[in-house]
Amino acid sequence: MSGDGFRSRRRSAARIASLGFGVVAGLGATPCQADKHPMSYLRGFGTKADLEMQLTWGVLIISVVVILIISALVIMGVLRRRVDVPLGLGGRIPVDRSKPGLSWIYIGVGISSAVLFGTLVWTMMTIAGVSRPPSVPSVDIRITAQQWWWQVQYLSDGPSRLITTANEIHIPVGQPVRFELISTDVIHSFWIPALSGKTDVIPGQTNVTWLEADKIGRYRGQCTEYCGAQHAHMALFAVAQSPAAFKSWWDHQLEPAPQTSSAGLKHGEQLVVYHCGACHSVRGTVAGGVVAPDLTHLMSRATIAAGTIPNNVAELSAWIADPQDIKPGNHMPNLYLSGPELSDVRKFLITLK
Amino acid sequence: MKVQLQRVPEIGTVAEAAQLNLDAIWRTEPGIGGWLSTVDHKEIGLRYIVTAFAFLLAGGVEALLMRLQLSRPDVALFTPEQYDQLFSMHGVTMIFLYAMPVLSGFSNYLWPLIFGSRDMAYPRLNALSYWIYLAAGLFIYVGFAMGAGPNDGWFNYVPYASRTYNPGSGMDFYSLGMIFLGISTTVGAVNFVVTFLRTRAPGMSINRVPIFAWGTLTASAANVMVVPAVSLAFFLLWMDRQFNTHFFDVGQGGQPLLWQHLFWIFAHPWVYAIVLPAMGMVSEGLPTFCRRPLVGYTPVALSTVATMLIGFGVWVHHMFATGLPTVSLSLFSGVSIIIAVPSAVAVFAWIATIWTGRPRVTVPFLFFASTIVLFVIGGVSGFMCAVVPVDWQLTDTYFIVAHIHYVLIGINLFPVIGGIYYWFPKMTGRMLSERLGAWNFWVMFCGFNLAFFPMHLTGLWGMPRRIYTYPPGMGWTMLNLTTTLGAFVLALGILLLLLNIAISLRDGAIAGANPWDAATLEWSTTSPPPSYNFPVIPIIASRLPLWEDRLNDTASRSSLNEGYILAHGRETMAIRAVDALPDMILKMPQDSYAPFVLALGMTGGFAGLLTHRWWLAIIGGLIIFGALTAWLWPEVELGEQAEAKRG
């Protein structure tokens, strides 16, 4: 489609522009730095982020230029015009207003106003450009933000294909995705800087936003509206995949937890149902709680506790043993499991791939 | 002595006035009684400044503690709750208990002096405003000291501030403390507006008012209008928390965004209110050191007012990410961009003043001139935030933290310290050391920029604000370490200021009436000024009375040595607001305990409301009633009541 061609041309232009700007401003926006700065928005990876990024660089450069000009004017003015006669302790010193100086105001304010007006026009055009996606979104996702994690539900394929996961959003690359944002408690803000600016998640209202990734990858995001003790540990990730990989991921997520075979695993399952099931769900078992992350495919996710720690066997054990130590104040209580119990719980959980 | 309600005021010379014992009429009695009852604007102004600086130091220590926690990734010096209270108290302290009160202090001290008057229009109200400010500040700090400080940031969004998510009394201390403080701000603002309109020296028509006064006038007029919004918001929150009303309760149809609108309708104008008077100081100081009148007095005065007027219409730029309709975002974005125009007027007026003058580089000049640069840095980052799609990225990151600190330190703290260097000789009779002052300036300037300039990049690289810690690998580590170092250098600069003040109070050079050879009226009286400010009320003929001979703009001259004597008790001259023709003699009140007692009663009342000890609230109410009765009781000396006929 010609629209796609247009978009990709615009994106590469933006990339070149951002590279150039990076050199100019000395801030760097080269691709290799994206990994060093996972939360940077000086470089965009999608239609919406690109438009926002271009405008960001635009006003940033205007701002830097203004600062340089004004600083130079002040410093030059002081150095060129100063008189090294100390002032202080009285005495009458000449006063002179032979130069009116008003033209400084006329010219300075005139130029400033023109730049401001130009920015205003660019702003309005960008708002119009990002206010809705270029095509009908292919995927509908409901994000339910809560202290201090993100529930992710895929709505678009009808009830039979509804899945619920947490903190990790898989999206197909090159397609706009629509998000419905709701909160069950306080205000949060949904933000994946490389893909889109923020949209607040406010209890009592449903905000809608969209984004589109144009490159396969893993993009970090984080809650940016202060929401309480663990606001610092409320990250999320968008995983942009090829449409085929995305579909197989979705298919896999629809499957329930595997049947437990050994006695140890069965015991682990019982413990999980007993200790965790009031809050967490594991589809395929009796655990059906809805106030905490769905664990059916726990091990398919790369982090635990909304990006707080990596998801591996050691960290998982530490988390279950003492979640309050790792994320003080979070809503998962310490369970006081014995060593053998912890071991069985862990054995069961790591089968949830 | 019989009170004459109708008389023609005598005109006399300073020498004649010296024969009368004006000091006996105006001075405050020494001792604790005088200390509690004084209504002298100079005393109250100094108290405001000293108290605000004490809060500045407290807020600064809070900031340094936070910077320790953020100096490296995953530091656990404080628990999340402790950190949250620290950043909340830091914001509350700096914005509400330092930035505005310190400017009120300067205005209180300086206004009657720059206006050629003997006191503010309502001296007792002035004392009340100070006592309430002190009490409200302590009220909030008592909560913090007991571990019940606010923990939701200075803008305190609901529903996190509601009782469900925030049990405990921290929010109640904050809510009632803010309502309490709002009374102080409001009565102070009313006093400034009336003082500006009515008690300037005769002849100081509206186009001859010193430019500093325009800043405070504009800020005060704004405060009168917007403080009710925030007082209401905090009252509704307190009702929700204590009496289960549902203003912000989502489950019952309440609206979290209602809080944000009420808060920002207040808080955005407030941000201008805490910089406009400081910009006025720069406009006052630069001409003195550049040896020429300010370029563009009229455009600068008008742009001050314009900033405030436009400033009423930009509050939604704090809410660009809340999901408001695109049309409303576009409108508020436009207005927020346009508000840069009046700011540009001030900036270019200052630059023109330097370029067309002959600057003498003194310490106050350094502070004032550096303000221009810091103002522009804080200004352009604000302009970036006005651009909606950019703000969606910038908002709630450290970019905003950098922006607000360039605004508040750059356009409040720097001019205020410049103002201290500039007016300290007037206030104390002694000069501050220029040598130590230069160290003070450069350490502060370097520390400040080291701390906050890299913070822009911290924000652009995506660090959210208000997080108590951060993981490694985000690219934020070195930047945060730099900021922490810079913060400590900045703190060292503040210590140098305190050191300079301590040394100079004892050993500073004697200043004389007009050490800077400045142009405005405060420099025509002795340093420090006598209790009555001026032996005679001067009659003004130009904008810069002390430079008239040298500028030689007009044939007429201000009369500083001969003017209205006004010595039938405490009196000053009231004028007509615009043309400044003498209108009436104002009878001014004596020192009074009523303001102090009234503030005490209010403190008791608020403490009663806080703790649900209704008997205490009632006692507080009775004290308030008693103090008001004493205050308002008609007095013969003030012409409020005729003398009783005998026989």
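Numbered from 1 within each chain, the chains take letters A, B, ... in sequence-line order.
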Under the 3.5 angstrom rule, does the side chain of B/Gln393 hit a backbone N or O of A/Pro193 as a donor-acceptor pair? yes
Whether the B/Asp396 and A/Tyr226 side chains hold a donor-acceptor pair (N or O, under 3.5 Å, no angle test) is what I'd like checked. no
Among A/Ile127, A/Ile107, A/Leu181, who wins on heavy-atom pairs under 4.5 Å with chain B? A/Ile127
Region of B/Tyr422 that comes under 4.5 Å of a non-hydrogen atom in chain A: neither
Under a 4.5 Å cutoff for heavy-atom pairs, which residue among B/Leu394, B/Leu546, B/Asn552, B/Asp391 has the most contacts with chain A? B/Leu394
When heavy-atom pairs shorter than 4.5 Å are enumerated against chain A, which of B/Thr322, B/Thr79, B/Val387 gives the highest number? B/Thr322
Pick from B/Leu544, B/Val300, B/Leu257 with the largest number of heavy-atom pairs that fall under 4.5 Å of chain A: B/Leu257
Pair count under 4.5 Å, heavy atoms only, with chain B: among A/Val130, A/Thr119, A/Val74, A/Asp185, highest is A/Asp185
Need one label for B/Tyr83: side chain, backbone, both or neither, based on atoms under 4.5 Å from any heavy atom in chain A. neither
Under the side-chain hydrogen bond (donor to acceptor under 3.5 Å, both in side chains) test, residues paired with B/Glu81 that sit two or more places apart: B/Gln85, B/Asn151
Where does B/Phe399 contact chain A at under 4.5 Å (heavy atoms): side chain, backbone, both or neither? side chain
Which region of B/Asp553, side chain (C-beta onward) or backbone (N, CA, C, O), has a non-hydrogen atom less than 4.5 Å from a non-hydrogen atom of chain A, or is it both or neither? side chain
Report the distance from atom CE of B/Met319 to atom CD1 of A/Ile202, rounding to the nearest 0.5 Å. 7.5 Å
Proximal component of B/Asn156, with respect to chain A [non-hydrogen, under 4.5 Å]: neither
Under 4.5 Å from any heavy atom of chain A - which part of B/Tyr160: both
Under a 4.5 Å heavy-atom cut-off, does chain A meet the side chain of B/Trp355, its backbone, both or neither? both
Atom pair CZ (A/Arg81) and OG1 (B/Thr356), whose distance is rounded to the nearest 0.5 Å: 7.5 Å
Can you tell if the side chain of B/Thr397 reaches within under 4.5 Å of the side chain of A/Lys198, non-hydrogen atoms only? yes
Close side-chain approach of B/Met474 and A/Pro38, heavy atoms under 4.5 Å: yes
Top contributor to chain A interface from B/Arg466, B/His456, B/Arg465, B/Arg358 [non-hydrogen pairs under 4.5 Å]: B/Arg358
Cut-off 3.5 Å, no hydrogens considered: what does the side-chain donor-acceptor table look like for residues 334-354 of chain B, sequence neighbours left out?
from     : atom 1 : to       : atom 2 : distance (Å)
B/Ser336 : OG     : B/His317 : ND1    : 2.9
B/Ser336 : OG     : B/Phe332 : O      : 2.6
B/Trp350 : NE1    : B/Ser283 : OG     : 2.9
B/Thr353 : OG1    : B/Val295 : N      : 3.2
B/Thr353 : OG1    : B/Ala349 : O      : 2.6

Angle class for the A/His37/B/Trp461 ring planes (parallel below 30°, perpendicular above 60°, tilted otherwise)? parallel
Modelled atom types, side-chain donor and acceptor of B/Tyr468 and A/Gln230, under 3.5 Å: yes
